[in-house]
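First the structure, in the form of structure tokens, and then the observations on it.
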Amino acid sequence: MTLDETDRRILKVLQRKGRMSNAELSEHVNLSASACHRRVQRLEIDGYIRDYVALVDARKMGLPTTVFVEITLSTQADDVLDAFETAVQRVPAVLECHLMAGTADYILKVIAQDTEDFARIHRQYLTRLPGVAQMQSSFALRTVFKTTALPV
């Protein structure tokens with residue numbers, strides 16, 4: 001399926017405010033409610049819309065500290081990569097994990113209450129991940145810009 005301009009408008013609006021009713025959405029994209037509903041269903045079925053979620057404020061949850069952790073593994077053998085990727089998904093404080101090209105093998109986005117909490121996460125979870133040879137942690141001082149909306 002290829003996206004036309006109406007599909008793109010629907011996606012743009014839903015990325016910014018996914019909780020609106022179909023009637024509201026149809027007004028925003030200048031389409032009848034039934035046609036809008038059919039298009040949204042098609043976008044869901046075809047996988048363009050993957051899920052609907054609530055974005056929870058980390059600060060309000062007592063997790064204002066963001067740490068980016070670069071991890072270098074001892075080897076890039078498939079079994080080591082697989083074991084690391086399986087284990088890192090079980091670390092509750094890790095929000096994102098990306099396999100990288102460059103000096104580090106992976107970069108993690110970790111949230112914590114403060115530096116002491118991160119030290120606990122580091123000691124309890126990160127140092128125990130399989131295949132880890134080296135870690136470099138960088139604390140975010142301030143989030144300048146953050147979005148979940150893709151350019152459509």
Side-chain angles (χ1 to χ4, degrees), residues 1-22 24-25 28-29 39-152:
M1 172 185 136
T2 57
L3 299 177
D4 64 15
E5 200 50 44
T6 302
D7 293 327
R8 291 180 189 283
R9 284 195 317 268
I10 289 170
L11 291 173
K12 284 179 189 176
V13 172
L14 284 177
Q15 284 187 102
R16 305 245 184 268
K17 189 178 176 190
R19 196 171 179 188
M20 70 172 45
S21 70
N22 184 62
E24 287 178 277
L25 178 60
H28 274 80
V29 298
R39 281 180 179 257
V40 169
Q41 282 185 314
R42 192 182 78 238
L43 290 167
E44 292 169 349
I45 289 166
D46 290 347
Y48 286 95
I49 297 175
R50 199 178 56 183
D51 216 340
Y52 295 91
V53 300
L55 299 176
V56 179
D57 189 302
R59 287 191 174 282
K60 297 259 187 204
M61 296 301 296
L63 299 164
T65 305
T66 302
V67 186
F68 294 94
V69 182
E70 294 179 0
I71 295 185
T72 304
L73 299 181
S74 54
T75 178
Q76 288 196 345
D78 284 343
D79 60 332
V80 175
L81 294 172
D82 291 343
F84 176 86
E85 291 176 8
T86 299
V88 76
Q89 291 179 57
R90 292 191 296 260
V91 180
V94 175
L95 298 181
E96 296 178 25
C97 174
H98 302 273
L99 178 62
M100 304 297 290
T103 57
D105 293 315
Y106 291 92
I107 190 163
L108 311 180
K109 181 179 179 182
V110 180
I111 54 162
Q113 295 169 359
D114 50 30
T115 56
E116 287 179 25
D117 188 39
F118 177 73
R120 178 193 60 79
I121 294 163
H122 184 275
R123 193 172 50 254
Q124 187 175 348
Y125 295 104
L126 302 182
T127 58
R128 296 179 184 182
L129 290 170
V132 173
Q134 185 177 353
M135 275 190 274
Q136 173 72 38
S137 301
S138 299
F139 285 76
L141 299 177
R142 178 171 54 99
T143 299
V144 176
F145 165 70
K146 182 177 177 178
T147 185
T148 60
L150 300 176
V152 292

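- Here the CD atom belonging to Glu70 is positioned 9.0 Å from the CD atom belonging to Gln134, to the nearest 0.5 angstrom.
- Of all heavy-atom pairs spanning Tyr52 and Gly18, the tightest one is CD2-O, 4.1 Å.
- Of all non-hydrogen atoms in Thr72 and Ala104, the two that sit nearest each other are OG1-CA, 3.9 Å.
- From Leu3, atom CG reaches atom CZ of Arg8 across 5.0 Å, with rounding to the nearest 0.5 Å.
- One finds the CG atom of Leu129 at 9.0 Å from the CZ atom of Arg90 (value rounded to the nearest 0.5 Å).
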Decide side chain to side chain contact (heavy atoms under 4.5 Å, CB included) for Ile71 and Phe84; before the verdict, give the C-alpha distance in whole Å, the side-chain angles of both, and the deciding distance to 0.1 Å. CA-CA 10 Å; Ile71 295 185; Phe84 176 86; 3.8 Å; yes
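- Counting heavy atoms from C-beta outward, Arg142 and Val144 have side chains that approach closer than 4.5 Å.
- Of all heavy-atom pairs between Arg9 and Val29, the closest is NH2-O, 2.9 Å.
- Interatomic distance, CD of Glu24 versus NZ of Lys17, reported as 4.5 Å (0.5 Å rounding).
- Residues Phe118 and Leu126 are in side-chain contact: their nearest non-hydrogen atoms beyond the backbone lie under 4.5 Å apart.
- Within the 3.5 Å criterion, the main-chain N or O of His122 finds a donor-acceptor partner in the side chain of Thr127.
- Atom CD of Glu116 sits in a sparse spot, with 12 or fewer heavy atoms from other residues, nucleotides or ligands closer than 6.0 Å.
- Once rounded to the nearest 0.5 Å, the distance linking CG of Asp105 with NE2 of His98 reads 14.5 Å.
- When all heavy atoms of Val80 and Leu73 are compared, the pair lying nearest together is CG1-CD1, 4.1 Å.
- Summarising the geometry of Ala112 relative to Ile121, their closest heavy-atom pair is CB-CD1, 3.9 Å, with the distance given to 0.1 Å.
- Among all heavy-atom pairs drawn from Gln15 and Thr148, the shortest one is OE1-O, 3.8 Å.
- Taking a 6.0 Å sphere around CZ of Arg16, one finds it holds 12 or fewer heavy atoms contributed by other residues, nucleotides or ligands.
- Between Asp117 and Thr65 the shortest side-chain heavy-atom distance does not fall below 4.5 Å.
- In this structure, Asp7 contributes its side chain and Asp4 its backbone to a donor-acceptor pair below 3.5 Å.
- To the nearest 0.5 Å, the span separating CG on Leu55 from NZ on Lys146 amounts to 8.0 Å.
- In this structure, the side chain of Asp57 engages the main chain of Arg59 through a donor-acceptor pair within 3.5 Å.
- Proximity of Gln136 to Phe68: side-chain heavy atoms (C-beta onward) are nowhere separated by under 4.5 Å.
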